Amino acid sequence: MAETDTAASTAATTPPVDTSSADSVTSAPPPPAKREIKRWGDEEDDPPEEPEQNEAPSTSEQPELEVAALKITENKFLDDPEDSNISAVTADDTPYTSASTFEDLNLSEAVLKGLYVEMGFKKPSKIQAITLPMILTPPYKDLVAQAHNGSGKTTCFVLGMLSRVDPNVKAPQALCICPTRELAIQNMEVLQKMGKYTGITAECAVPSDRERNTPSPNYRAPVTAQIVIGTPGTIKRWMSIKKLGVSRVKILVFDEADHMLAEDGFQDDSLRIKRDTEKVSPNCQVLLFSATFNERVTNFVSRVVKRGNNQLFVKKEELSLEGVKQYKVYCPDELTKIEVIKTKIFDLGEKLGQRIIFVRTKNSARMLYQQLSDDGYSVTAIQGALNTEDRDKIIKEFKEGLTQVLISTDVLARGFDQQQVNCVVNYDLPVKYSPGPRSQPLEPDYEVYLHRIGRAGRFGRKGAVFNLICDDNDELVMSKIEQYFDIQVPEVKNTDEAFEEALKTAGLL
DNA sequence: AAAAAAC
C-alpha cells in the first residue's frame, strides 16, 4: 500500500497543468443538446499499467495524447479548439461523451472503490476518458485504440472486463490475450487490484513448467473463473482440451494487438481464438489496444474488427514520449559497448533509477550477463529460454527494486510497467529480419524501438535512452528510426562528462 | 531473431 501517497499522486494530480486541459474539465459548455463535450484531465495521462507508486509526474513533460482521427463521421465531437489535436473517436452513429470523471461511467461501487482506494486514481487519463464510454455503452461495439506508452491503456480494458462480467454467472465471460507470460501476469495483477472489491474471479492462463510436464489433459479442472488473462498458446490449448469454455464470453481483449495480429507475430493463434470464440459467442465485443499500429497491420485490423467501428489512432510522428530523451553513443567495437555499459550505465548510473538493457538474442543476454557478473557487477538477465520459475523470480526481484539493472531480450519490450525505470539502453538496435539472403542490410523494427523506449517514462515521467551504435548498419538503422518518428537523436560522446550532461538534460540528475 | 507452446 503505498496508497497514501501514491494515491495522491497518480491520480491525483490535479493539476496545475497547462491550462489547456485543466480548466475545461468542468467547463464544457454543452453545445448541441446531445453531446456535451467534457474535457479529460491531461495531467496524468495515464495510470500506468501498474500504477502504484508514483509521484506525480511533472506536468510539464506530460506526453500529449495526440489522436488523429481515423475516420470522423458525423459530428465533430470536439469543438473546443484546444482539443483540435485530438480528433478521432468515431462511432458509426453512436455519439459518445468523453468521461471527465470515473463517476460518469456508471461503474459499480466496488469498481470505483478499487480505482480510488487500491489504484489511487482520481480521474481518467485521456485515453480512458475517450475509450471507456465506447467500451461500456451499449450496443457494445468493437474498438481499436492506439495510445502512447504508459498512458493507461491497461486500465481501459481491465475496467471494460470488470464492468461487463455478470457476477452471477460462474463461467469465463472476459478473455484477454497477451504476447508474453510477463505481461499476462502483470495485467492480472492490475485486474486483481482494481477488482479487489468486486468478488469477480480471474485466472491467469500462462505456460508453467509443471503444466508442460503433464502429459494428461486432465491435469486441470475446467476454468470457472469469470475473467481469463493469458498467452495465446495456453489459451488455445485450454480451449482445445475443453477446459476453457467460451460460450459465455462477452468481451475479448487483445493487448499489444498489433503484434497479436501481425503476420510475423501471433496472427494465426489470435485469429483462431477469436473465431472459435465468436462461433459460440457471436456478439462478443472485441477490443484491440496497442501503442503502435503500423500501416500494414492497421489495414488488416480494420478488416478483422467488424462490430461497429470505433477506432483511435496516433500519428507516428507524435508517438515518441516528450519526457524520454534519446541519445546515440558511437562504439567502434563490441568491447567498447561493454565498457560503456560498465562505466556509464553502472558506475555513473548509480544515481539513476532502475535500468533495462535490451539485447537482440537470448545468447547475447546470457553472454552479457556473464561478462558483467564476472566483473562484479550486480545485474540479472531475462529471456524466454529460462524456465518459468526463474523468469518469475527475476521479474519479482526487479519489481521489488532488489535489482537495479536488468538485461532483457524483447520479451519485455512491450507492456512491462515498472515506474522506477528511467533509463533504457539499446545494446543492440531492434531490427527486422528480412526473409531471403542474409546479406541484406537489416531494417529497423520501428515498433519494437518505440515499445522499448517506452519502458522508461511511464506515466509522463522523465527518462533517458542510450542507443549503442557499432557499425554502418547500426548508423543506417538509427537514422531511419529518426526519420520515421520525426525525431533527432543527438550523439553523446563516450566520456563521463558528456553522459552526465545528457542525463542532466534528460532531467535525471 | 524474439516471443508462445506444441496435434
Side-chain angles (χ1 to χ4, degrees), chain A residues 175-187 204-220 228-244 254-274 276 290 292 297 356-368 381-388 390-392 394-395 406-416 426-452 455 473-474 477:
Chain A
L175 222 53
C176 173
I177 324 290
C178 317
T180 64
R181 169 193 178 78
E182 283 68 26
L183 191 50
I185 293 172
Q186 176 179 286
N187 286 338
C204 214
V206 295
S208 71
D209 296 330
R210 192 166 55 85
E211 171 161 343
R212 194 168 299 163
N213 297 328
T214 312
S216 162
N218 291 320
Y219 66 94
R220 62 153 305 126
V228 177
I229 301 181
T231 47
T234 305
I235 299 261
K236 222 176 45 172
R237 177 160 184 229
W238 289 9
M239 284 170 74
S240 72
I241 61 176
K242 309 288 184 205
K243 298 298 180 186
L244 174 57
F254 288 96
D255 194 7
E256 306 300 342
D258 62 322
H259 188 231
M260 301 308 290
L261 290 165
E263 266 182 295
D264 61 344
F266 297 96
Q267 191 180 85
D268 292 346
D269 287 349
S270 297
L271 291 181
R272 176 166 165 197
I273 292 170
K274 179 170 178 290
D276 289 352
S290 183
T292 53
V297 187
I356 299 179
I357 301 170
F358 283 106
V359 296
R360 193 170 61 97
T361 67
K362 297 173 195 172
N363 203 34
S364 15
R366 277 187 286 253
M367 305 271 282
L368 186 57
I382 186 169
Q383 35 90 1
L386 296 182
N387 63 47
T388 56
D390 288 342
R391 285 170 70 157
D392 292 348
I394 286 163
I395 293 299
L406 177 59
I407 297 167
S408 176
T409 57
D410 285 327
V411 239
L412 296 190
R414 287 173 175 263
F416 183 68
N426 281 322
Y427 187 88
D428 300 309
L429 292 175
V431 291
K432 276 179 188 138
Y433 218 50
S434 48
R438 298 291 159 95
S439 52
Q440 306 175 14
L442 297 170
E443 276 293 301
D445 191 325
Y446 302 108
E447 287 72 36
V448 170
Y449 180 80
L450 197 88
H451 285 281
R452 282 185 181 183
R455 295 320 97 209
N473 194 70
D474 284 347
V477 165

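Labels below follow one simple rule: chain letters A, B, ... track the order of the sequence lines, proteins then strands, and each chain is numbered from 1. Being a predicted model, the structure only gives us computed values, none of them experimental.
Within the 4.5 Å cutoff, the side chain of A/Pro179 has heavy atoms near those of the A/Phe266 side chain.
Distance CG (A/Asn363) to P (B/dA3): 12 Å, rounded to an integer number of Å. Rounded to whole angstrom, the span from the CG atom of A/Leu442 across to the P atom of B/dA2 amounts to 13 Å. Here B/dA2 presents its P atom at 16 Å from OH of A/Tyr427, a figure rounded to the nearest Å. The nearest whole Å value for the distance from the CG atom in A/Asp410 to the P atom in B/dA2 is 9 Å. Atom-to-atom, CD1 of A/Ile395 to P of B/dA3 comes out at 12 Å; the value is rounded to the nearest Å. Here the C1' atom of nucleotide B/dA2 and the CE atom of A/Met260 are 14 Å apart, to the nearest Å. Residue A/Ile241 contributes atom CD1, which lies 12 Å from atom C1' of B/dA6 at whole-angstrom precision. If you take CD of A/Glu443 and P of B/dA1, they are 18 Å apart, rounded to a whole angstrom.
Using a 4.0 Å heavy-atom distance criterion, A/Arg391 is classed as a sugar-phosphate-only contact. Contact annotation for A/Thr234: backbone-only contact, meaning every heavy-atom pair under 4.0 Å involves sugar-phosphate atoms and none involves a base. Within 4.0 Å (heavy atoms only), A/Asp264 reaches at least one base atom of the nucleic acid.
Under the salt bridge (charged side-chain N to carboxylate O under 4.0 Å, His left out) criterion, A/Asp255 pairs with no residue at all, not counting sequence neighbours. A/Asp428 meets the salt bridge (charged side-chain N to carboxylate O under 4.0 Å, His left out) test with A/Lys337; sequence neighbours excluded.
Comparing B/dA6, B/dA4, B/dA3 by their nearest atom to the side chain of A/Gln383 picks out B/dA3. Side chain of A/Asp269, nearest nucleotide from B/dA3, B/dA1, B/dA4: B/dA4.
Nearest-nucleotide mapping onto DNA chain B: of A/Asp445 and A/Ile235, the residue sitting toward the 5' end is A/Asp445. Two residues, A/Arg272 and A/Val431, neighbour DNA chain B, and the one matched to the more 5' nucleotide by heavy-atom proximity is A/Val431.
The phosphate of B/dA3 has OP1 or OP2 within less than 4.0 Å of a side-chain N or O from A/Thr409. OP1 or OP2 of B/dA3 sits under 4.0 Å from a side-chain N or O of A/Lys362. Distances shorter than 4.0 Å separate none of the side-chain N or O atoms of A/Arg360 from OP1 or OP2 on B/dA3.
Defined by atom type and a distance below 3.5 Å, a donor-acceptor pair is present between the side-chain atoms of A/His451 and A/Thr292.
The residue from A/Asp390, A/Leu412, A/Ile185, A/Val411 that alone fulfils the side chain to side chain contact (heavy atoms under 4.5 Å, CB included) condition with A/Ile395 is A/Leu412.
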